[in-house]
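Step one of this worksheet: look at the structure below.
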Amino acid sequence: MKLYGYWRSTAAYRVRIALHLKGIAFESISVHLVKNGGEQHHNTYSELNPNHLVPTLVDGDFSLNQSLAIIDYLDQTNSENYLYPKEAKSRAKVHALALDIACEIHPLNNLRVQQYLTNSLNITEEAKQLWVEYWMNVGFIAIEKQLASSAGQFCFANTVSVADICLVAQVYNAHRFNVDMSAYPIINKIVKNCNELPAFINALPENQSDAQ
């Protein structure tokens with residue numbers, strides 16, 4: 001199994017956590033998102049993923065993009081440490097929280113959005129920082145409220161799920177952008193608990209071979 005990603009990509013980070021949690025061996029192939037005009041735009045990679053985004057998982061002759069689709073595929077094909085509950089209502093709740101993070105918070109601070117703000121709209125660094133802080137806080141306020149009724153050690157009681165994977169990767173991103181997280185004690189507790197687990201440690205961006 002091969003994972004095409006980038007050490008600081010939030011979406012690739014999610015998939016690395018899932019692979020480590022499920023104990024799946026994989027080859028990590030770096031697609032540098034900045035060097036050489038962005039290697040995600042090169043023909044060899046764009047043929048694999050026409051969206052010009054990471055990650056892409058290759059499993060034999062099967063390839064798949066989109067981190068949550070990849071995680072769902074891993075869960076359905078490997079019975080170790082399920083990341084989605086089996087009961088329908090519980091699964092839907094976990095899936096919804098993961099989507100709240102991956103679809104409502106993350107895209108607004110993704111690299112290509114940042115580059116468009118700077119290169120096409122001529123937004124200053126100060127204004128771009130305000131953009132990031134505003135949209136992350138909008139999302140985190142809602143997540144913190146939801147977790148007040150569902151959290152235990154992790155997002156949903158005491159079992160690690162895809163929601164925790166998405167939360168940890170997004171909070172890492174928030175720290176990278178110097179977003180003040182002091183208003184979110186439940187989120188911070190969950191992230192701390194997750195980051196004490198070997199799978200989360202192994203998946204940390206700075207622990208990847210292409211980290212710079």
Side-chain angles (χ1 to χ4, degrees), residues 3-19 28-42 45-57 63-73 95-144 162-181 184 187 191 194 200 203-208 210-212:
L3 178 66
Y4 290 80
Y6 177 59
W7 69 281
R8 208 161 61 177
S9 160
T10 304
Y13 186 8
R14 295 179 198 133
V15 176
R16 290 197 305 268
I17 296 171
L19 286 163
S28 184
I29 301 174
S30 179
V31 180
H32 203 292
L33 300 185
V34 180
K35 284 184 177 179
N36 304 314
E39 292 176 355
Q40 72 274 25
H41 304 305
H42 293 187
Y45 183 73
S46 63
E47 288 176 6
L48 182 65
N49 187 337
N51 288 308
H52 297 230
L53 295 169
V54 294
T56 301
L57 183 80
S63 66
L64 185 65
N65 68 316
Q66 286 296 341
S67 62
L68 293 186
I70 292 170
I71 292 170
D72 183 60
Y73 169 74
H95 194 188
L97 187 59
L99 290 172
D100 280 338
I101 300 166
C103 297
E104 304 297 339
I105 304 176
H106 175 229
L108 291 166
N109 52 256
N110 200 13
L111 175 63
R112 64 180 180 178
V113 172
Q114 295 285 305
Q115 290 175 333
Y116 182 76
L117 289 172
T118 300
N119 300 332
S120 298
L121 299 183
N122 298 315
I123 298 296
T124 66
E125 288 301 314
E126 181 181 6
K128 191 167 68 172
Q129 179 65 25
L130 290 173
W131 163 283
V132 168
E133 291 177 358
Y134 176 81
W135 288 115
M136 283 206 202
N137 279 309
V138 166
F140 284 136
I141 288 168
I143 299 299
E144 184 81 2
V162 66
D164 299 285
I165 291 173
C166 290
L167 184 64
V168 165
Q170 187 59 49
V171 169
Y172 183 94
N173 207 10
H175 288 309
R176 185 162 70 88
F177 283 102
N178 298 312
V179 175
D180 182 3
M181 295 297 293
Y184 312 113
I187 289 174
V191 170
C194 288
F200 284 84
L204 277 167
E206 55 263 34
N207 289 338
Q208 306 315 302
D210 59 337
Q212 299 174 9

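As the structure is a computational prediction, the values presented were derived from the model and not from experiment. Side chains included, hydrogens not; waters and symmetry mates left out as well; all remaining heavy atoms used.
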Specify whether Tyr172 and Tyr13 have parallel, tilted or perpendicular ring planes, treating 30° as the upper limit for parallel and 60° as the lower limit for perpendicular.
->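 Rings of Tyr172 and Tyr13: perpendicular, over 60°.
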How far apart are the C-alpha atoms of Tyr6 and Gln208, what are their side-chain angles, what is the distance that settles it, and do they pass the side chain to side chain contact (heavy atoms under 4.5 Å, CB included) test?
-> CA-CA 9 Å; Tyr6 177 59; Gln208 306 315 302; over 6 Å; no
Heavy-atom side-chain contact between [X] and [Y] under 4.5 Å:
X      : Y      : result
Ile105 : Trp135 : no
Glu39  : Tyr45  : no
Leu108 : Trp131 : yes

Working for side chain to side chain contact (heavy atoms under 4.5 Å, CB included), residues His106 and Ile101 | CA-CA 6 Å; His106 175 229; Ile101 300 166; 5.6 Å; no
Please check if the side chain of [X] supplies one atom and the backbone of [Y] the other of a donor-acceptor pair under 3.5 Å.
X      : Y      : value
His42  : Asn36  : yes
Arg14  : Gln170 : no
Gln129 : Phe177 : yes

Would you compute the distance between atom [atom1] of [X] and atom [atom2] of [Y] and round it to the nearest 0.5 angstrom?
X      : Y      : atom1 : atom2 : result
Asn51  : Arg112 : CG    : CZ    : 7.0 Å
Asp72  : Ser67  : CG    : OG    : 11.5 Å
Lys128 : Glu133 : NZ    : CD    : 13.0 Å
Tyr4   : Ser30  : OH    : OG    : 11.5 Å
Leu33  : Asn110 : CG    : CG    : 8.5 Å
Leu99  : Cys166 : CG    : SG    : 8.0 Å

Give me the atom names and distance for the closest heavy-atom approach of [X] to [Y].
X      : Y      : result
Cys194 : Asp164 : SG-CB, 3.8 Å
Ala11  : Val54  : CB-O, 3.8 Å
Val113 : Pro107 : CG2-O, 3.2 Å
Leu3   : Arg16  : CD2-CG, 3.7 Å
Val15  : Pro55  : CG2-CG, 3.8 Å

Reference residue Ile70; test side-chain contact (heavy atoms from CB on, under 4.5 Å); the match among Asn65, Leu64, Thr56, Leu19 =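 Between Ile70 and the candidates, side-chain contact (heavy atoms from CB on, under 4.5 Å) is satisfied uniquely by Leu64.
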Check the surroundings of atom CD in Glu206: do more than 12 heavy atoms from other residues, nucleotides or ligands lie under 6.0 Å from it?
->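 Yes, because the 6.0 Å sphere around CD of Glu206 holds more than 12 heavy atoms from other groups.
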With a cut-off of 6.0 Å (strictly less than), are more than 12 heavy atoms of other residues, nucleotides or ligands near CD of Gln66?
->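 No, the 6.0 Å shell around CD holds no more than 12 heavy atoms from other groups.
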Indicate whether any N or O donor in one side chain lies under 3.5 Å from an N or O acceptor in the other, for Tyr184 and Asn137.
->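 Yes, a side-chain donor-acceptor pair sits under 3.5 Å.
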Step-by-step side chain to side chain contact (heavy atoms under 4.5 Å, CB included) determination, Gln114 to Val132 = CA-CA 9 Å; Gln114 295 285 305; Val132 168; 3.2 Å; yes
Given the rule in the side chain to side chain contact (heavy atoms under 4.5 Å, CB included) test, do Thr118 and Glu125 qualify, once you have shown the distances and angles that lead to the verdict?
-> CA-CA 8 Å; Thr118 300; Glu125 288 301 314; 4.0 Å; yes
